[in-house]
Every structure is written in C-alpha cells, then in structure tokens.
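Following: one structure in structure tokens, then a few remarks.
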2 protein chains.
Amino acid sequence: MDSLDIQSILQSSNFQAFWADYDFLKIEDLMALVNTGKLQQLPKNQHFIQAGEFSKKVGFILEGLIRFYHLKDGEEYNLVFKHEFQMASSFECIVLKQATSYSYEALEDTLLLVFDYDQMEELFAQNQRLERFGRYFIQQELAMAVKVFEKHLFYSPEERYLKFLEEYPHLMNRVPLKHLASFMGVTPVSLSRIRKRVADNRN
Amino acid sequence: MDSLDIQSILQSSNFQAFWADYDFLKIEDLMALVNTGKLQQLPKNQHFIQAGEFSKKVGFILEGLIRFYHLKDGEEYNLVFKHEFQMASSFECIVLKQATSYSYEALEDTLLLVFDYDQMEELFAQNQRLERFGRYFIQQELAMAVKVFEKHLFYSPEERYLKFLEEYPHLMNRVPLKHLASFMGVTPVSLSRIRKRVADNRN
DNA sequence: AGAAAAAATTTACAAAAGATAAGTTCGTGA
DNA sequence: TCACGAACTTATCTTTTGTAAATTTTTTCT
C-alpha cells in the first residue's frame with residue numbers, strides 16, 4: 001500500500017475525529033510516527049499476534065475488526081473487540097515482559113498500521129510531544145477498559161446484551177454471536193435464550 | 001507530617017522494590033515530583049473522592065487500603081482494592097473530563113501523597129523523564145486492570161475466590177467479606193456458600 | 001463490660017445459567 | 001446450485017446464584 005492511501009485515511013473525517021483529542025501534536029510529529037509504521041493487510045480469520053509469542057508489535061487499526069481473546073482449557077474467552085482507530089498490542093510482552101497469553105484474530109479483513117514498540121520508544125525519547133501522545137493514548141485505553149469491565153460487574157447477562165445493542169449497534173452485525181457470547185461471559189446457548197427472552201418481551 | 005517521614009518511606013524496602021521499574025529516573029526528578037505532593041491522612045471509612053465530584057486529585061498510597069466502587073440502585077460494586085504504592089484517582093475526571101461516577105473510600109487508616117493532576121502535567125512538560133514515568137505508570141495500571149478483569153471472564157466465582165486467596169493472601173484479612181463478595185461479582189450470601197463448599201472439600 | 005449495630009452465615013425458595021444433545025438455519029466453497 | 005460444516009436454536013436436566021428472612025458472630029461505641 002503506497003503513501004497515497006495513508007494520506008487519504010489521515011484526511012478522512014473518522015480519523016480527524018480521533019485526532020481531535022491530540023491537538024498539541026504537530027503534523028510533523030504525526031508524520032514522523034507514521035513513517036516508522038508499515039501497512040499490513042490482515043485477512044479475516046488470520047492472527048495478528050498468537051498466544052505464546054513474544055511480540056512487541058503495536059498495530060493501529062485503520063479498517064476492520066479484531067478480537068482479543070484468551071484460550072483456556074480449549075475454551076476461547078473474548079475480552080474485547082478492537083475496531084478502527086484502536087490499538088492491538090500485547091501488554092504482557094510490552095509491559096510485563098512476558099510471552100503473551102492472549103491472541104489477536106481478525107474477524108474481518110483488516111488493515112493495520114504496524115509499529116515496533118521499541119522503535120516507538122526511541123521516537124518518544126526524541127520528541128516529548130509524541131511521548132505525551134503515547135501517555136494520553138494509554139490513558140484512553142485504560143478508561144475504555146474500565147468501562148468494559150464495569151458492565152460485567154454492574155449488569156446481568158441480559159442487561160449486558162441490551163447495553164451492547166444500544167452501545168455498539170454497528171458491531172452487532174460484525175461480530176458472530178458465539179464471540180459476542182464469550183465477550184459477555186455466557187455460553188452461546190445462554191445468549192440464544194437471552195435473545196429469545198428479549199424478543200418475546202418486545203412482541 | 002514532615003519531610004522526615006517522606007524520607008523514611010522513600011528509603012523503605014517496599015518503596016525501593018516499587019521504584020526498581022523506573023531506574024531511568026534521577027533522584028532529583030523524583031524529588032521534584034514529590035515536592036509538589038501533600039501528605040494526607042485519610043481515616044478509615046472516609047472518602048478520598050466521592051461520586052459526583054469533579055476532582056483531579058491523584059493520590060499515591062503510602063500506607064493503607066482503599067476501595068474503588070460504584071453505587072448503582074442502592075448497591076455498591078467494588079471494582080478494585082488499591083493498596084500501598086498504587087494510585088487512587090478519577091479516570092473519568094482526568095481522561096474523560098466528566099464528573100466521577102465512582103468513589104474511593106478508605107478501608108483502613110490510610111496515608112496518601114496527593115498530587116494535582118494539572119500540576120503534574122506541568123511538571124511532565126518540563127521534564128521528559130517524568131513524562132515517561134507517567135506513561136509507564138499508566139501502562140502498569142492498565143496491565144493490572146486487565147489481569148483483574150480476566151479473572152471475571154475466565155473463572156467461576158468459586159475459582160475466583162481460590163485465586164484471590166492465593167494471589168492476595170495479605171488482603172484476605174484486610175478486606176471485609178461483603179466487599180470481597182462485591183469485588184468477586186457475587187452476593188455476600190453466595191460468597192458464604194462458596195467458603196463453606198471450599199472448607200468442606202478440605203476437611 | 002455491656003448494649004447496640006454491623007457483618008457474616010444459614011435456610012428455603014424461585015429464577016437463571018451451565019452442560020449436553022439434538023435439531024435447524026445459514027454460508028461458503030466446490 | 002448443492003452439499004458440507006459451522007453457527008444458532010431448542011429442549012431437558014442439573015447446578016449455582018439471587019432474594020428474603022432468621023440466626024449467629026463480630027465489631028463498635030459508650
């Protein structure tokens with residue numbers, strides 16, 4: 001993919017909206033960062049990072065959808081779905097300095113801008129605005145993680161399903177129900193019952 | 001509390017262990033940061049931050065234990081317990097720029113070093129090593145948050161109780177069971193049943 | 001120390017979720 | 001377009017949790 005494509009993405013209204021939070025950054029800061037990234041096309045059902053790897057890749061999703069999951073006793077547990085303008089990377093490798101126990105798998109054909117964390121750090125060390133951008137970005141990730149977590153604690157599975165419907169309507173048709181069930185912390189069978197209950201109560 | 005006390009805390013082995021992750025910081029960086037903080041004694045059962053407030057306080061716990069909880073329909077939901085060398089602050093106020101819907105309440109007499117987030121930001125802008133320290137610290141917080149979250153998704157309430165026992169034995173005697181139950185996502189009644197089951201299986 | 005309040009446990013019952021199995025629908029590729 | 005496999009739904013049975021109320025234990029306060 002050539003630089004023309006990057007340009008068109010950077011100029012899209014979606015990217016501009018994402019970007020609004022980081023107005024202290026200069027355009028040349030952004031370009032310095034973007035220039036260290038490589039575009040990667042990740043076809044549906046393929047992995048970006050596999051459990052067991054030690055990878056410091058940081059993927060910024062430009063297009064598509066990826067699930068972040070853990071495999072335990074043959075069961076897969078989806079923690080979160082990452083979509084456009086979100087980040088896919090292994091906090092275990094980068095922060096905890098361990099091999100990752102999680103995997104990232106594309107649910108759709110996905111386009112990523114892929115960075116190397118160590119290279120990003122070098123850049124951050126040279127450019128304090130980028131360093132701050134890095135911190136703000138992580139703070140956003142933390143805030144979003146808490147928002148996801150709180151739904152598991154405050155709401156019943158049925159309420160979580162309704163919340164998901166109203167909060168992520170655009171993901172409803174992109175995420176297979178078995179993965180949604182896993183994300184919600186129930187079995188696919190149970191999700192199916194919940195959907196039936198909800199449908200019946202609205203007849 | 002005078003500077004002598006800060007000195008003795010900074011020289012404690014617990015603090016040194018916490019500090020080992022941030023070896024790129026110079027001692028004068030640390031002192032510059034510490035000097036902007038104020039010591040606060042927070043008696044048991046008192047709030048550090050109350051739901052509804054807009055507070056950018058950042059409390060670094062030197063001693064004691066605080067619960068981070070949310071009130072919904074008269075029920076309290078504990079998301080996490082913060083102890084020594086962890087941070088208590090409102091991500092909603094700081095990151096999302098909203099009033100907080102969460103509260104922090106001391107479960108023990110607690111000693112905090114309290115910063116103002118905006119003042120911290122100024123300091124970070126002047127000192128890139130501190131800026132990086134800020135980012136690393138948040139990254140650690142995110143990693144810990146995911147580790148807490150994953151237990152809710154991967155494990156049953158009974159397994160969560162056993163995990164808590166082995167992972168936080170030092171918190172077991174510090175956290176009342178009703179708050180532990182809330183943290184585990186079950187009612188106190190259910191936790192009581194779980195404890196009985198576990199005890200019976202070990203007879 | 002003793003009274004009052006809060007916390008923890010126990011019991012009974014109702015509701016929901018898990019496991020398993022079987023049947024149906026949907027999609028994809030040959 | 002047909003056939004195969006994956007995804008989803010339905011049914012049955014078992015286990016666990018939630019709610020409510022009563023009882024015991026622990027903590028707090030005077």
Side-chain angles (χ1 to χ4, degrees), chain A residues 43-46 65 67 69 71-78 81 105-109 151-165 171-203, chain B residues 43-47 64-65 67 69 71-78 81 105-109 151-165 171-203:
Chain A
K44 181 174 175 175
N45 297 328
Q46 288 207 10
L65 186 61
R67 70 189 179 99
Y69 75 96
L71 186 70
K72 178 184 164 254
D73 305 332
E75 294 290 321
E76 293 183 353
Y77 296 85
N78 296 124
F81 303 108
E105 186 194 42
L107 291 176
E108 302 173 349
D109 291 344
K151 289 184 187 59
H152 278 260
L153 220 45
F154 305 165
Y155 300 104
S156 68
E158 181 163 336
E159 288 172 317
R160 286 205 288 278
Y161 175 71
L162 295 170
K163 282 266 167 197
F164 189 90
L165 271 183
L171 286 187
M172 204 54 216
N173 304 316
R174 296 168 73 181
V175 177
L177 291 177
K178 67 166 187 170
H179 287 140
L180 178 57
S182 164
F183 172 73
M184 288 174 46
V186 296
T187 59
V189 175
S190 190
L191 175 58
S192 188
R193 283 189 290 233
I194 289 168
R195 282 161 58 83
K196 186 178 171 62
R197 270 206 302 271
V198 169
D200 288 351
N201 290 339
R202 286 181 173 173
N203 62 348
Chain B
K44 181 174 176 175
N45 297 327
Q46 290 207 9
H47 280 83
L65 185 61
R67 71 188 178 100
Y69 75 96
L71 186 70
K72 179 183 164 256
D73 305 332
E75 294 290 322
E76 293 183 354
Y77 297 85
N78 295 126
F81 303 109
E105 187 195 42
L107 292 176
E108 304 172 348
D109 290 344
K151 288 182 187 60
H152 277 259
L153 219 46
F154 305 167
Y155 300 104
S156 67
E158 180 163 337
E159 288 171 317
R160 287 205 287 278
Y161 174 71
L162 294 171
K163 282 267 166 194
F164 189 90
L165 271 184
L171 287 187
M172 204 55 215
N173 304 316
R174 296 169 72 181
V175 177
L177 290 177
K178 66 168 189 168
H179 286 139
L180 177 57
S182 164
F183 172 73
M184 289 174 45
V186 297
T187 60
V189 174
S190 191
L191 175 58
S192 185
R193 283 190 287 231
I194 289 168
R195 283 162 58 84
K196 187 178 171 63
R197 271 205 302 271
V198 169
D200 287 352
N201 290 339
R202 285 182 174 171
N203 62 345

With sequence neighbours left out, write down each residue that passes salt bridge (charged side-chain N to carboxylate O under 4.0 Å, His left out) with Lys44(B), or none if nothing qualifies. none
According to salt bridge (charged side-chain N to carboxylate O under 4.0 Å, His left out), who are the partners of Glu75(B), at least two apart in sequence or on a separate chain? none
Can you list the residues that meet the side chain to side chain contact (heavy atoms under 4.5 Å, CB included) rule with [X], with sequence neighbours excluded?
X         : result
Ser190(B) : Val186(B), Thr187(B), Arg193(B), Ile194(B)
His47(B)  : Gln50(B), Tyr69(B), Ser103(B), Glu105(B)
Leu177(A) : Met172(A), Leu180(A), Leu191(A), Arg195(A)
Lys196(B) : Asp200(B)

Closest-nucleotide ordering on DNA chain D, the 5'-leading residue of Glu158(B) and Leu191(A): Leu191(A)
What's Arg195(A) touching, base or sugar-phosphate or nothing? Going by heavy atoms closer than 4.0 Å. sugar-phosphate
Regarding Lys44(B), tell me which of base, sugar-phosphate or nothing describes its non-hydrogen contacts under 4.0 Å with the strands shown. sugar-phosphate
The criterion is ring-ring contact (aromatic ring centres under 6.0 Å, His included); which residues satisfy it with Phe154(A), sequence neighbours excluded? His70(B), Tyr77(B)
Name all residues meeting the ring-ring contact (aromatic ring centres under 6.0 Å, His included) criterion together with Phe81(A); count only those two or more places apart in sequence or in a different chain, and write none if there are none. Phe183(A)
Leu107(A)/Arg174(A) under side chain to side chain contact (heavy atoms under 4.5 Å, CB included): CA gap, chis, key distance, verdict: CA-CA 8 Å; Leu107(A) 291 176; Arg174(A) 296 168 73 181; over 6 Å; no
Mind grabbing the angle between the end helix axes of the helix from dA1(C)-dT30(D) to dA30(C)-dT1(D)? Five pairs an end, 10° rounding. 60°
For Val189(A) and Ser190(B), take the nucleotide of DNA chain C holding the closest heavy atom to each; which residue's nucleotide lies nearer the 5' end? Ser190(B)
For the pair Gln46(A) (side chain) and Pro43(A) (backbone), establish whether a donor and an acceptor sit closer than 3.5 Å, ignoring hydrogens and angles. no
Are any side-chain N or O atoms of Arg67(B) and backbone N or O atoms of Asn78(B), one a donor and one an acceptor, separated by less than 3.5 Å? no
Would you check if Met184(B) and Lys151(B) make a side-chain contact, meaning some heavy-atom pair closer than 4.5 Å? no
Tyr155(B) OH to Lys163(B) NZ distance, which is reported to the nearest 0.5 Å: 3.5 Å
Segment of DNA chain D, first to last nucleotide, that comes within the 4.0 Å heavy-atom reach of chain B: dT17(D) to dT28(D)
Please find the earliest and latest nucleotides of DNA chain C, in the 5' to 3' direction, that have an atom within less than 4.0 Å of any heavy atom of chain A. dA17(C) to dT20(C)
Looking at DNA chain C, which of residues 172-183 of chain A put a heavy atom within less than 4.0 Å of it? none
